Structures are given as structure tokens and as C-alpha cells.
Amino acid sequence: MKLGALFSAWFPSRPAPVGGGETARVVSRLARPGAPARELDLLLIWSAVGLLLLGLVMVYSASIAIAEGSRFTNNQSHYFLLRHAIFLAIGIGCGLAAFQLPMAKWQRLAPALFVGGVVLLIVVLIPGIGREVNGAQRWLSLGPVNLQPSELMKVFVALYAADYTVRKLDAMGSFTRGFLPMMTVILFVGFLLLREPDFGAFVVITTIAFGVLFLGGVNVRVFALLAVVAVIGFIILIWTSPYRRERIFGFMDPWQDAFGKGYQLSHALIAFGRGEWFGVGLGGSVEKLFYLPEAHTDFLLAVIAEELGFAGVVMVVALFAILVQRTFAIGREAIKLERYFSGLVALGMGLWMGVQSFINMGVNMGLLPTKGLTLPMMSFGGSGIVANCVALAILLRIDWEVRQLKRGGA
């Protein structure tokens, strides 16, 4: 079965409003990517801009206390704000450069980028090279900044999984020729991530890779078997790791040990409770005053809940829902026009944004066990912001090429 027909079975929709002759018509030259805004998905753009700007404001609000009270930051209240703004500027610059590359070029680069990402994951584990923070060795020190390879790997996996699926399209029904090679590669990547350890990134990257394979037409029985094996594997990983096991027990009843393994979650829940409907006001959070650990990274949503209330949380959830919905819509349009690589890349990135934001929100609200995953496009972190901006630029490039093709371009 062709990928387009398979995708239509999963996501039925109206036929594309473009006739066959119009789609087949090829013009001699396309306009350059400096397209006006009406040639891009405005809902995707404005939802992403809203998240980035709100994240900038809330990172500043959540980090003022820790920045003022730390010698590491020279007691500068705006320390994290300036760094986050610089990371955002770098991310936008990288995004503008990424937008200039046609998707055909991204497809050719996908294997090399993936191999480069694997090399970085190996290098970060070398003693004396990788930087260790709070017992996790996830960063490479590059002078004044730190690079987190696992964040870049999320982009690379989305590109590689899409390229692999397109190349192996005729073999997707075969376990040995279609599924097994990709599973082996991803398990190796997962092994490297668990050595850091970074269980959260492992979950997200695995979801991206196997989600793309599933949408690309992998045998459903094989995928069901994988799901069972994955659940068993996750249970074993949790049960054989004391700190992961403690997190599970702390999640089940954080108040039983509110000053121990349930400390983060209990204070996050207190922040949500204090926020009520409309919050205590921007800058008015008490939990960020050294009570709630990682307030400007993993638990940024809890500060948003306390300062902006239920209304603020709903706004964040709505913006992410729009972002993910538009990402899947762009992927669907690309698939219908037989741009299979572009469509699968968009779907993979939609899975990334949706799953990671869901996990982070679930952790903040006490719906999921505590896990070190940031809120995409909002939490403090240079590698994450740059990776998010590059992913957004690739999505906009896919959208731009699809719109040009529907207008009769090549």
C-alpha cells in the first residue's frame, strides 16, 4: 500500500483542492524562500511566537530569586533573562538559515546528521569531556555555553526516521528488512541516553522514531509487539533503578514524604493551588523563592499556574494544541501531494512537541512521575531553544514548499 493511501486511512480528510493538471504543471523558476507571511501558516507562526515570548517573560519571573541569591550568577537578577534572550536570538538565526535549505537537501543530509548526533552522544559520555550536573552527564562545555546533544538528536531522529521510512517504503511490512534495522539503531541511541542518564529524552526520541515508522506503514502486528516489549522494558528500567523507583513511589503519594522524594511535586501542587483561577499576579510567586527546584526549567508551568492561574495554564495548553494541530495538518498536506519525506518529518516533529509538552505538563500537575524534561519553546535552556527554533523553521519550509506546489510550482 502506498504511503498516501495508508495515511488517508489513519487521517481521513477532504481531497486537496488542487486538480491533477494544476499539480503536475511545472514552472521554470520558483520564488526564493523570502516569502511574505501569507505564504506561510500564520496559526503555526503565531502560536510558536506566543510560546517563545511567554517563555521569555516567565523564565525571567521564575529565575529572579535564584539569580539574585547565587554567587554563580554574580547576584544579577537578569542573568537568566539575558542568557535566554541570547539563546533565543541564536535559535532564530539558526532557524532562518535552516529555512533556506530545501527539503531535498535536508533528506540528503539526514543520515550524516544522525551519525553526527550519535557521535556527540558518545563524546558526552567520555570522562573529562562531558560535563556532569546533579549526577547526570549530558552536556558538552563550549566555553560560556553548554551543548546538550540529546536536544539536537530529537531533530536529527525526526529527519533520519523519515528518510529511512521513505527509502524502505516497500519493505515496511517486513520485520527483518524494514523494522529491525531501525529498532537496532534506536536501541543503541537509547543505550547511550540511559548511560547519561536521560530517560526523558530516551522516551521522546523513541516516540519520534517509532511513531514515524508506524505512520510510514510498518506492520501493525510488529508494532503491537513492540509496544508490549517497550512497556515491559520501561518497567524493568524503572524497577532496576533505585532513583527511578523512588520517583514512582513519590509520584503516587507525594505528601507521604513531602520533604524527601515528594518534595518537587508537592511544591508544584502548592503552586497550582495558590494560583486558583487568575493567579497571584506576574512576579508574585512564592514557590519560586527557593522552594520549588528547577522553577525556570522543568517546573516552569507550575510558576505560570501560580502567577497566571488556571487561565494562564489554559492559554499555554491551547497554544501547544494549535502548534501540534497545525504541524500535523502540514504533514497531511505534504503526504497528499506525495512529499512523503516532508510529511513524515512534520509528523515526527508534531509527535515530539506533543509528547514532550504533555509529559512536562503531566509532571507539573502530578499526573505523571517526576521526569527531567523541559517545556518546549518555553523553559530555560540553550540547546532546547535552538533545536525548537530549527524544528519550527523546517516545518515552515515544508509548509512553504507545499503551498508553492499547490500553486503549480515544482
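Hydrogens, waters and symmetry mates play no part in the numbers below; they use all other heavy atoms, side chains included. Fair warning: this is a prediction, and the values are worked out from it, not measured in the lab. Quick note: residue numbers are just sequence positions, from 1.
- Once rounded to the nearest 0.5 Å, the distance linking CG of Leu81 with CD of Gln76 reads 11.5 Å.
- Distance check, rounded to the nearest 0.5 Å: CE of Met378 to CD1 of Ile385 gives 9.5 Å.
- Not counting sequence neighbours, the partners of Phe210 by the ring pair (Phe, Tyr, Trp, His ring centres under 6.0 Å) test are Phe179.
- When all heavy atoms are compared, the tightest approach of Val212 to Leu351 is N-CD1, 4.2 Å.
- Annotation: Leu52, atom CG; neighbour count of heavy atoms from other residues, nucleotides and ligands within 6.0 Å is above 12.
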Side chain to side chain contact (heavy atoms under 4.5 Å, CB included) evaluation trace for Val189 with Phe114: CA-CA 10 Å; Val189 171; Phe114 182 79; 3.9 Å; yes
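- Thr207 and Val355 make their closest contact through CG2-CG2, 3.6 Å (heavy atoms, listed as atom of the first residue, atom of the second, distance).
- When every heavy atom of Ala62 is checked against every heavy atom of Leu300, the shortest pair comes out as CB-CD1, 4.0 Å.
- Under the side-chain contact (heavy atoms from CB on, under 4.5 Å) criterion, Glu68 pairs with Ile64, Ser77, sequence neighbours left out.
- By the side-chain contact (heavy atoms from CB on, under 4.5 Å) test, Ala334 pairs with Arg339, Ser342, Ile398, Val402, sequence neighbours left out.
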Intermediate values then yes/no, side chain to side chain contact (heavy atoms under 4.5 Å, CB included), Leu51 and Phe320: CA-CA 8 Å; Leu51 290 169; Phe320 272 110; 3.7 Å; yes
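- Annotation: side-chain contact (heavy atoms from CB on, under 4.5 Å) contacts of Pro181 (sequence neighbours excluded): Tyr164.
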Side chain to side chain contact (heavy atoms under 4.5 Å, CB included) between Val155 and Trp352, intermediate numbers included: CA-CA 9 Å; Val155 179; Trp352 164 19; 3.6 Å; yes
For residues 388-396, dump all side-chain donor-acceptor pairs below 3.5 Å to protein atoms at least two apart in sequence or in another chain.
unit_1, atom_1, unit_2, atom_2, d
Asn388, OD1, Met377, N, 2.8
Asn388, ND2, Gly384, O, 3.4

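- Evaluation of the salt bridge (Lys or Arg N to Asp or Glu O under 4.0 Å) rule for Glu287 yields no partner, not counting sequence neighbours.
- For Arg195, the CZ atom sits in a loose shell: 12 or fewer heavy atoms of surrounding residues, nucleotides or ligands are nearer than 6.0 Å.
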Can you give the donor-acceptor pairs under 3.5 Å from side chains of residues 145-153 to other protein atoms, not counting sequence neighbours?
unit_1, atom_1, unit_2, atom_2, d
Asn146, OD1, Arg131, NH1, 3.4
Gln148, OE1, Trp139, NE1, 3.4
Gln148, NE2, Ser150, OG, 3.3
Ser150, OG, Asp198, OD2, 3.3
Glu151, OE1, Lys154, NZ, 3.4
Glu151, OE2, Lys154, NZ, 3.3

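- For the pair Ile90/Cys94, a side-chain contact is recorded, criterion being any heavy-atom separation below 4.5 Å from C-beta on.
- In terms of heavy-atom proximity, Tyr263 sits nearest to Phe290 at OH-O, 4.1 Å.
- Note: Ser379 OG to Met58 CE = 11.0 Å, rounded to the nearest 0.5 Å.
- Screening residues 297-316 for ring-ring contact (aromatic ring centres under 6.0 Å, His included), with sequence neighbours left out, gives Trp277-Phe310.
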What side-chain donor-acceptor pairs closer than 3.5 Å can you find for residues 357-365, not counting sequence neighbours?
unit_1, atom_1, unit_2, atom_2, d
Ser357, OG, Met353, O, 2.6
Ser357, OG, Gly354, O, 3.1
Asn360, OD1, Asn364, ND2, 3.4
Asn360, ND2, Asp298, O, 3.0
Asn360, ND2, Leu373, O, 2.6
Asn364, OD1, Ala302, N, 3.1
Asn364, ND2, Asp298, O, 3.0
Asn364, ND2, Asn360, O, 2.8

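- The structure places CG of Asp170 at 10.5 Å from NZ of Lys168, a figure rounded to the nearest 0.5 Å.
- When the salt bridge (Lys or Arg N to Asp or Glu O under 4.0 Å) test is applied to Arg177, no partner is found at least two apart in sequence or on another chain.
- Annotation: salt bridge (Lys or Arg N to Asp or Glu O under 4.0 Å) contacts of Arg274 (sequence neighbours excluded): Glu306.
- Of the possible donor and acceptor atoms, one in the side chain of Lys288 sits under 3.5 Å from a partner among the backbone N and O of Ser61.
- Counting heavy atoms from C-beta outward, Val118 and Phe156 have side chains that stay 4.5 Å or more apart.
- Put simply, the side chain of Arg138 gets close to the backbone of Pro197: a donor and an acceptor are under 3.5 Å apart.
- Remark: side-chain polar atoms of Gln356 are paired, donor with acceptor, to backbone N or O of Thr374 under 3.5 angstrom.
- Remark: Ile129 engages Val123, Ile126, Leu140 in a side-chain contact (heavy atoms from CB on, under 4.5 Å) (not counting sequence neighbours).
- The distance from atom CH2 of Trp400 to atom CG of Leu405, rounded to the nearest 0.5 Å, is 11.0 Å.
- Taking each heavy atom of Glu307 and Gly284 in turn, the nearest pair found is OE2-N, 3.5 Å.
- With Phe380 as the partner, the ring pair (Phe, Tyr, Trp, His ring centres under 6.0 Å) test is satisfied by one option alone out of Tyr60, Tyr79, Phe80: Phe80.
- Using a 4.5 Å heavy-atom cutoff, the side chains of Phe272 and Val313 are in contact.
- Looking at Gln137, its side chain does come within 3.5 Å of a backbone N or O of Val124 through a donor-acceptor pair.
- Between Phe278 and Ala311, the closest heavy-atom pair is CD2-CB, 3.9 Å.
- For the pair Phe341 and Leu159, the minimum side-chain heavy-atom distance is below 4.5 Å.
- Using modelled atom types, one side-chain atom of Asp399 and one backbone atom of Asp41 make a donor-acceptor pair closer than 3.5 Å.
- Between the OG1 atom in Thr206 and the CG atom in Leu193 there is a gap of 8.0 Å [rounded to 0.5 Å].
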